[in-house]
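Below is one structure, written out as structure tokens; comments come after it.
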Amino acid sequence: MTLKGRLEARQGDITRMAVDAIVNAANTSLLGGGGVDGAIHRAAGPELLAECRTIGGCPTGEARLTKGYRLPARHVIHTVGPVYRGRPEDSRLLAGCYTHSLTLAMDHGLQTLAFPAISCGVYGYPIADACRIAVDSCATFMGSHDTPDRVVFVLFSAAYLDVYTRPLSFRVA
Ligand code: AR6
């Protein structure tokens, strides 16, 4: 299945994305925090935290779905990236964030998704390694499923967007 037009990267604020679901780089409590997690909770309003309280947390490498409330996105997929320690399981857990999020989207018929650079802020994952895992995980999943229709990597900085350009050009013919 072609990836052309289905997988792209852009610079921006993920809370502004009008997609079926934005992905949140959360922590295992799912009760909010700083970085993109804080921005998503601020933009979604207190109803998001209320729904998160009912979930009871999420293990690292997995994902959970909520509504989007006051966000332009209809849903939020909360996933928990690994704290980077340079161990082999870091990459397995980070890949799990992407594949679990994509599977959850597929199971709920969500066709457009936006991902931030999971684990690349407070959790310290080196951006080049994390980017390769993100692109490979999404390209592999989307190459064997016709859903989701479209995935956008939304990077806060121009420098991070630059990192995504080459790996994406290799995978998206
Ligand atoms: N849109 C897009 N990207 C953003 C936005 C935004 N509005 N805000 C930040 N980023 P981080 P982590 C980028 O630290 O490393 C929280 O406290 C940011 O520049 O948000 O997975 C959670 O509760 C960086 O590139 O997530 C956890 O405790 C990327 O998003 C912990 O941080 C991820 O940075 C998770 O740490």
Side-chain angles (χ1 to χ4, degrees), residues 7-46 48-66 68-87 89-102 104-105 112-135 137-138 150-168:
L7 194 54
E8 63 179 271
R10 71 167 73 152
Q11 188 180 355
D13 176 351
I14 203 165
T15 66
R16 311 289 292 271
M17 296 291 293
V19 285
D20 289 342
I22 60 172
V23 177
N24 182 17
N27 57 63
T28 53
S29 76
L30 298 187
L31 297 180
V36 71
D37 194 7
I40 288 171
H41 275 274
R42 274 193 302 280
L48 179 61
L49 181 58
E51 184 176 355
C52 284
R53 284 192 199 286
T54 69
I55 296 175
C58 176
T60 303
E62 294 190 18
R64 300 290 184 266
L65 183 72
T66 67
Y69 299 99
R70 300 177 202 176
L71 289 164
R74 287 170 47 221
H75 296 87
V76 180
I77 292 174
H78 305 262
T79 191
V80 184
V83 175
Y84 183 75
R85 295 195 181 87
R87 301 168 308 181
E89 62 254 48
D90 294 343
S91 56
R92 183 181 56 76
L93 290 166
L94 187 59
C97 291
Y98 288 93
T99 51
H100 279 106
S101 296
L102 290 160
L104 204 51
T112 53
L113 278 192
F115 281 101
I118 300 162
S119 283
C120 294
V122 177
Y123 282 0
Y125 216 112
I127 183 67
D129 294 344
C131 166
R132 186 177 38 74
I133 292 164
V135 172
S137 303
C138 292
R150 195 163 64 93
V151 166
V152 187
F153 298 110
V154 180
L155 292 320
F156 226 19
S157 70
Y160 276 22
L161 177 62
D162 270 359
V163 175
Y164 275 68
T165 306
R166 251 167 85 85
L168 269 177

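Note that these values count all heavy atoms, side chains included, but never hydrogens, waters or copies made by symmetry. All ligand and atom numbering here is 1-based and tracks the order in the structure.
- Nearest to atom 5 (C) of ligand 1 among the protein's heavy atoms is Val36 CG2, 3.6 Å.
- Backbone and side-chain nitrogen or oxygen atoms of Ala25 are examined, and none is located within less than 3.5 angstrom of a nitrogen or oxygen of ligand 1.
- For atom 14 (O) of ligand 1, the nearest protein heavy atom (residue, atom name, distance) is Val122 N, 2.9 Å.
- Protein heavy atoms all stay at least 4.0 Å away from atom 18 (C) of ligand 1.
- In summary, the atoms of ligand 1 found under 4.0 Å from a heavy atom of Asp37, numbered by their order in the structure, are 22 (C), 23 (O).
- Considering all non-hydrogen atoms of both residues, Ile14 and Phe115 come closest at CD1-C, 3.6 Å.
- Here the side chains of Val154 and Ile22 are not in contact, with every heavy-atom distance at 4.5 Å or above.
- Taking the side chain as every heavy atom from C-beta outward, Cys97 and Val80 never approach each other to under 4.5 Å.
- Protein heavy atom closest to atom 21 (O) of ligand 1, with residue, atom name and distance, is Ser119 N, 2.8 Å.
- With a 4.5 Å cut-off on side-chain heavy atoms, His78 and Cys58 do not count as touching.
- Under the salt bridge (Lys or Arg N to Asp or Glu O under 4.0 Å) criterion, Glu51 pairs with no residue at all, not counting sequence neighbours.
- When every heavy atom of Gln11 is checked against every heavy atom of Ala158, the shortest pair comes out as NE2-N, 3.4 Å.
- For atom 15 (O) of ligand 1, the nearest non-hydrogen atom of the protein is Gly121 N, 2.8 Å.
- Residue Pro116 places no N or O, backbone or side chain, under 3.5 Å from any N or O of ligand 1.
- Given atom 1 (N) of ligand 1, the protein heavy atom at minimum distance is Ile14 N, 3.0 Å.
- With sequence neighbours excluded, the residues that form a side-chain hydrogen bond (donor to acceptor under 3.5 Å, both in side chains) with Arg70 are Glu47.
- Set against the non-hydrogen atoms of Cys120, the atoms of ligand 1 under 4.0 Å away are 15 (O).
- Of the protein's non-hydrogen atoms, the one nearest atom 33 (C) of ligand 1 is Ala117 O, 3.2 Å.
- At the shortest separation from atom 13 (C) of ligand 1 among protein heavy atoms lies Phe156 CB, 4.3 Å.
- Tyr98 is listed as a side-chain neighbour of Ile118, based on a closest heavy-atom distance under 4.5 Å.
- The Gly12 neighbourhood of ligand 1 comprises atoms 1 (N), 2 (C), with distances under 4.0 Å to a heavy atom of that residue.
- Atoms of ligand 1 found under 4.0 Å from any heavy atom of Gly34, numbered from 1 in the order shown, are 16 (C), 17 (O).
- Just one of Leu30, Val76, Thr54 meets the side-chain contact (heavy atoms from CB on, under 4.5 Å) condition when paired with Thr66; it is Val76.
- Between Arg87 and Pro82, the closest side-chain pair of non-hydrogen atoms is not below 4.5 Å.
- Each of the atoms 1 (N), 6 (C), 7 (N) of ligand 1 lies under 4.0 Å from some heavy atom of Asp13.
- If you number the atoms of ligand 1 from 1 as listed, the ones under 4.0 Å from a heavy atom of Tyr160 come out as 25 (O).
- Looking at Tyr125 against ligand 1, nothing comes within 4.0 Å, counting heavy atoms.
- Under the 4.5 Å side-chain criterion, counting only non-hydrogen atoms from C-beta, Leu49 is in contact with Leu31.
- Interface atoms of ligand 1 facing Gly35, defined by a heavy-atom separation under 4.0 Å, are 20 (O).
- Tyr123 has its side chain out of reach of Tyr84: every pair of non-hydrogen atoms, C-beta onward, lies at least 4.5 Å apart.
- Protein heavy atom nearest atom 27 (C) of ligand 1, with residue, atom name and distance: Tyr123 OH, 3.5 Å.
- Listed by number with element, the atoms of ligand 1 under 4.0 Å from a non-hydrogen atom of Gly33 are 17 (O), 23 (O).
- For the residue pair Thr79 and His100, no side-chain donor N or O sits within less than 3.5 Å of a side-chain acceptor on the partner.
- Of the polar atoms of Gly124, none of the N or O atoms is found under 3.5 Å from an N or O of ligand 1, judged by distance alone.
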